[in-house]
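Each ligand, and each atom within it, is numbered from 1 in the order the structure gives. One is the number of the first residue; the rest follow in order along the sequence. Please read these numbers as outputs of a predicted model, since none were measured by experiment.
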Amino acid sequence: MNKLFIVANLKSYKNEDEGEKWLVEFIKHKENWEAESEKEIIVAPSFTLLPSFFSAFSGTRVKLSAQNLSRFEEGAYTGEVNAKQIKDFATHVIIGHSERRKYFHESDEVLGKKVEIALKYGLVPVYCVQDAKTPIPGGVELVAYEPVFAIGSGHPDSPESADKVAKQIMERGRYTVLYGGSVTFENVNTFTKTSHIKGVLVGGESLDPLDFIKIIQNA
Ligand code: PGA
């Protein structure tokens with residue numbers, strides 16, 4: 001019940017070669033994260049890296065997530081990657097990230113469709129909300145509170161404020177709430193030691209595998 005979720009969002013970084021280096025380094029220090037058995041480790045690389053990450057992590061307890069998915073099933077939707085394709089490699093999918101809302105104009109309606117498709121194919125949505133009132137589609141269990149001002153800014157929300165928002169979200173339903181936004185290996189445990197935050201979604205600080213390992217250890 002007290003399991004913490006530690007999610008790495010590699011965003012639109014790393015080509016094949018850089019992804020390979022990340023993996024080699026992360027796996028070289030396996031004993032440092034393997035021992036943290038009460039922490040669920042989830043890594044979300046770009047679509048292009050999912051197959052190589054999948055092979056590298058087979059036989060380990062690291063789970064994979066996509067960062068997005070098509071709101072459509074397979075079909076004539078040029079450029080889209082659908083849930084059935086993602087399911088070959090990943091167990092989770094990030095939906096509703098503020099960067100998707102901002103740059104790709106994803107509305108609550110579109111995001112609701114994405115959640116529906118994810119659930120249909122057995123993918124667990126990691127649903128991002130920007131505040132305590134952001135609508136959450138039915139069927140979501142894992143919610144990441146990510147205030148826009150804190151993402152990539154070096155200015156995280158305060159643990160007290162983040163905990164309060166996590167509590168408010170939990171009062172809306174049976175959600176497990178993570179915090180995301182400028183999480184570092186230095187501040188991670190100020191969030192994970194609060195009463196209501198059950199893990200973190202990490203962007204920038206997960207790009208270096210050794211920093212990400214320190215986050216896992218310090219959480
Ligand atoms: P950040 O990003 O850790 O770089 O602030 C978090 C996120 O966008 O998921």
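With respect to Lys63 and Glu40, a salt bridge is recorded, a charged nitrogen being found less than 4.0 Å from a carboxylate O. At a threshold of 4.0 Å, the pair Arg101-Glu106 does not count as salt-bridged, since none of the basic side-chain nitrogens sits closer than that to a carboxylate oxygen. Taking 4.0 Å as the cut-off between side-chain N and carboxylate O, Asp17 and Lys21 count as a salt-bridged pair. Taking a cutoff of 4.0 Å between a charged side-chain nitrogen and a carboxylate oxygen, Lys167 and Glu171 qualify as a salt bridge. With salt bridges taken as basic N to acidic carboxylate O contacts below 4.0 Å, one links Lys11 and Glu99. Using a cut-off of 4.0 Å between Lys/Arg side-chain N and Asp/Glu carboxylate O, Arg71 and Glu116 are scored as not salt-bridged.
Short contacts between ligand 1 and Ala150, defined as distances under 4.0 Å to a heavy atom of the residue, involve ligand atoms 5 (O). The ligand atoms of ligand 1 that sit less than 4.0 angstrom from a heavy atom of Gly181 are 5 (O). Each of the atoms 2 (O), 5 (O), 8 (O) of ligand 1 lies under 4.0 Å from some heavy atom of Ile151. Listed by number with element, the atoms of ligand 1 under 4.0 Å from a non-hydrogen atom of Asn9 are 9 (O).
Looking only at protein heavy atoms, the nearest one to atom 3 (O) of ligand 1 is Gly203 N, 2.8 Å. Here the heavy atom of the protein found nearest to atom 4 (O) of ligand 1 is Gly204 N, 2.8 Å. Scanning the protein for heavy atoms near atom 2 (O) of ligand 1, the closest one is Lys11 NZ, 3.3 Å.
Comparing Pro147, Ser98, Pro156, Gly152 by heavy-atom distance to atom 5 (O) of ligand 1, the nearest is Gly152.
For His97, every heavy-atom contact with ligand 1 shorter than 4.0 Å involves the side chain, none the backbone.
Between Glu146 and ligand 1, an N or O atom pair is found at a separation short of 3.5 Å.
A donor-acceptor pair shorter than 3.5 Å cannot be found between the side chains of Tyr145 and Asp131.
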